[in-house]
Amino acid sequence: MHRRIIVPSALAASLLLAIPASADAGGLGVSPRETSTPGAPGIGDSYYPTSGNGGYDVSHYDLRLTYQPATDLLEGTATIVATAEQNLSRFNLDLGLKVSEVRVNGRLAKFATSGAHELEVTPAVPLEKNKAISIVVRYAGKPSEVKIDGWSAWARTPDGGVAAQEPDSAVWWFPSNDHPLDKATFDVSVSVPDGTQAISNGVLQSQSSRLGWTRFNWRSNKPQATYLATLAVGKFDITTDRTANGLPVLNAYSKDLGDNDGAARASIERTTEVAEWLEGVFGPYPFNALGGYVPNVTSGFALETQTRPFYSPRQFANGANVSVVVHELAHQWYGDSVSVHDWKDIWVNEGFARYSQWLWSEKEGEGTAQELADYVYSIRTAEDPFWTVKPGDPGPENQFHIAVYDRGALALQALRNEIGDEDFFAILKGWPQKFAHGNARVADFVRYAEKVSGKPLAELFDTWLYEPSKPSASTAAAVGLSAPAAAPASGGPSARSATPRSARPKPVQPKSWKKIAATNTVHETEHHGRH
């Protein structure tokens with residue numbers, strides 16, 4: 001037998017060629033199996049340590065669901081497309097319903113549960129960093145019976161159920177990496193009994209009926225945080241239209257809203273008008289659809305669920321209120337397209353949504369943003385606990401405190417007065433473009449404002465967002481706040497500050513104040529901050 005003789009150097013080279021590149025970790029010849037570790041059970045949020053998970057990034061959720069309103073039984077198959085961010089021996093998903101099967105890259109995977117909502121998945125073989133992953137989870141359960149820290153984010157209605165909650169609601173109806181840092185596109189397909197509708201985010205792609213069941217297929221084609229995904233099943237009256245730019249508009253009203261029905265319609269049917277106005281303030285609308293929905297729930301809050309905000313009927317108990325529509329649609333730019341990096345950054349959502357209500361008041365001639373700011377500053381004494389809440393980092397217990405909204409908006413009026421309208425409105429429009437479909441921190445906004453204005457602004461933001469006390473009268477006057485209601489429109493900050501405080505009458509209540517105050521519970525739920 002003729003034997004080929006391989007010299008040592010050639011032998012070494014051939015052995016290296018025989019080892020797949022994927023098995024070499026850092027050029028050391030170590031396989032992913034040897035270097036893989038479990039993904040973290042939390043994504044690292046400072047307020048909610050168990051929210052989200054580490055080790056992977058989701059790009060798409062495909063949810064195929066069946067829901068029976070009579071029994072509240074939800075059955076689902078979720079296909080999750082993701083990428084490993086490390087060599088993974090195990091990873092977590094967030095889900096509260098019972099799982100029957102998990103497959104990873106087509107192969108059966110082991111799974112177990114831990115904590116309040118952790119689904120621990122161990123794939124058949126370790127997952128390699130930077131490689132694509134497909135995860136299929138089959139699950140079922142009654143969402144309203146899933147209690148986490150004693151409560152459920154799933155609301156039963158007389159004719160169905162609704163998933164809409166902040167800072168999270170996904171664990172009640174689909175497995176996910178449940179934190180705004182990991183945004184993804186969505187396809188949501190829901191089968192419900194004939195005569196019942198299923199509402200979700202984005203565009204209704206198709207609808208079909210078979211054997212007594214109707215399936216609705218929804219698509220949200222821009223990155224979406226998991227808490228902004230929504231599902232509402234029930235009997236709705238649906239109106240549709242298109243914007244001047246061709247975007248589909250879909251609004252849905254429960255058929256049993258009673259006395260609140262007219263006011264709800266009178267408010268939400270102005271969605272297109274409000275969105276077009278907001279485009280002039282914040283730039284092009286960032287998504288593929290518009291609308292809103294009002295299910296027959298007993299809650300009192302509203303939520304900026306992406307493309308289709310959720311409104312409780314009680315928001316319209318005192319009549320039409322377009323201000324709440326302004327608030328939730330403003331979030332489509334500030335909160336949905338640009339999402340928080342960490343939940344402590346909530347001001348980049350709520351301060352701007354509240355300020356948009358002030359700008360709407362200004363547009364409608366019901367009180368300028370300056371007048372509203374002066375009024376907010378004047379009615380809160382220095383002893384008011386309002387001033388102890390820091391909008392720039394309020395803490396989980398105060399995440400949706402009124403100070404985050406009103407004091408947060410005060411900070412923006414202070415900024416406007418300090419840098420002037422030209423730079424201020426350039427910032428409001430430029431920021432959502434710079435961070436579109438991503439995440440940002442309060443500090444990112446401060447740096448951006450400094451860059452656009454060319455002014456150092458850290459001290460201003462520290463005063464209005466981080467100091468746990470009421471800014472002094474002289475500090476407020478220096479940025480044009482607490483001016484008399486009768487001050488001339490042409491009077492800038494210097495003119496206002498020149499007036500002795502003792503000579504300044506207390507600002508009168510702007511006409512829009514009560515409408516805006518009626519939305520103070522817009523994101524106030526009994527159980528936010530559950531982790």
Side-chain angles (χ1 to χ4, degrees), residues 274-286 326-327 329-335 337-338 347-377 391-392 407-436 440-465 471 475-485 487-499 510 512:
V274 171
E276 288 177 352
W277 172 76
L278 283 169
E279 284 190 306
V281 181
F282 297 145
Y285 180 73
V326 172
H327 186 104
L329 289 181
H331 274 311
Q332 304 304 306
W333 286 263
Y334 283 83
S337 178
V338 184
W347 174 74
V348 301
N349 291 15
E350 302 305 342
F352 293 82
R354 174 48 55 92
Y355 194 76
S356 71
Q357 294 176 275
W358 290 9
L359 291 176
W360 178 263
S361 170
E362 194 168 292
K363 167 191 174 291
E364 294 289 282
E366 296 184 340
T368 65
Q370 179 69 56
E371 290 166 344
L372 284 157
D374 289 341
Y375 188 70
V376 167
Y377 180 83
R407 189 176 172 185
L410 273 176
L412 290 171
Q413 185 62 33
L415 174 66
R416 181 180 178 180
N417 290 345
E418 178 70 16
I419 67 176
D421 276 11
E422 183 177 353
D423 283 346
F424 178 74
F425 285 102
I427 289 167
L428 289 192
K429 189 172 288 187
W431 165 266
Q433 310 309 310
K434 179 176 176 61
F435 293 92
R441 301 179 184 273
V442 174
D444 294 322
F445 183 84
V446 175
R447 284 192 292 269
Y448 184 77
E450 288 181 327
K451 180 179 180 180
V452 172
S453 69
K455 291 189 173 185
L457 298 169
E459 184 177 351
L460 181 148
F461 282 109
D462 184 65
T463 297
W464 294 97
L465 295 183
T475 299
V479 289
L481 294 176
S482 195
S490 60
S494 59
R496 285 191 283 265
S497 60
T499 305
S512 62

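Every value quoted in this text rests on a predicted model; they were computed, and no experiment measured them.
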Going by the rule side chain to side chain donor-acceptor pair (under 3.5 Å), which residues pair with [X] if we only count those two or more places apart in sequence or in a different chain?
| X | value |
| --- | --- |
| S453 | none |
| E350 | H327, H331, H523 |
| E450 | none |
| S361 | S512 |

With a 4.5 Å cut-off on side-chain heavy atoms, are Y285 and L278 touching? no
With a 4.5 Å cut-off on side-chain heavy atoms, are V348 and V338 touching? no
Kindly say whether [Y] contributes a backbone atom to a donor-acceptor pair with the side chain of [X] at under 3.5 angstrom?
| X | Y | result |
| --- | --- | --- |
| W333 | P284 | yes |
| Y334 | L428 | yes |
| W431 | F445 | no |
| K434 | Y448 | no |
| Y377 | P471 | yes |

Q413 and D374: side-chain donor and acceptor closer than 3.5 Å? no
Separation of [Y] [atom2] from [X] [atom1] (nearest 0.5 Å):
| X | Y | atom1 | atom2 | value |
| --- | --- | --- | --- | --- |
| E279 | E276 | CD | CD | 7.0 Å |
| W360 | L329 | CH2 | CG | 10.0 Å |
| I419 | F425 | CD1 | CZ | 10.0 Å |
| Y355 | L410 | OH | CG | 10.0 Å |
| W347 | L412 | CH2 | CG | 5.0 Å |

Give me the atom names and distance for the closest heavy-atom approach of [X] to [Y].
| X | Y | answer |
| --- | --- | --- |
| L481 | A373 | CD2-CB, 3.7 Å |
| A426 | V452 | CB-CG1, 4.4 Å |
| N417 | Q370 | ND2-OE1, 3.0 Å |
| L372 | G367 | CD1-O, 4.1 Å |
| I427 | P432 | O-CD, 4.3 Å |
| L460 | A414 | CD1-O, 3.8 Å |

Within a 6.0 Å radius of atom NZ on K451, are there more than 12 heavy atoms belonging to other residues, nucleotides or ligands? no
Got a salt bridge between D444 and R447, using NZ or NE/NH1/NH2 to carboxylate O under 4.0 Å? yes
For residues 419-431, the salt bridge (charged side-chain N to carboxylate O under 4.0 Å, His left out) pairs (sequence neighbours left out) are R416-D421
Mind checking ring pair (Phe, Tyr, Trp, His ring centres under 6.0 Å) for W464 and listing every partner two or more places apart, or none if nothing turns up? none
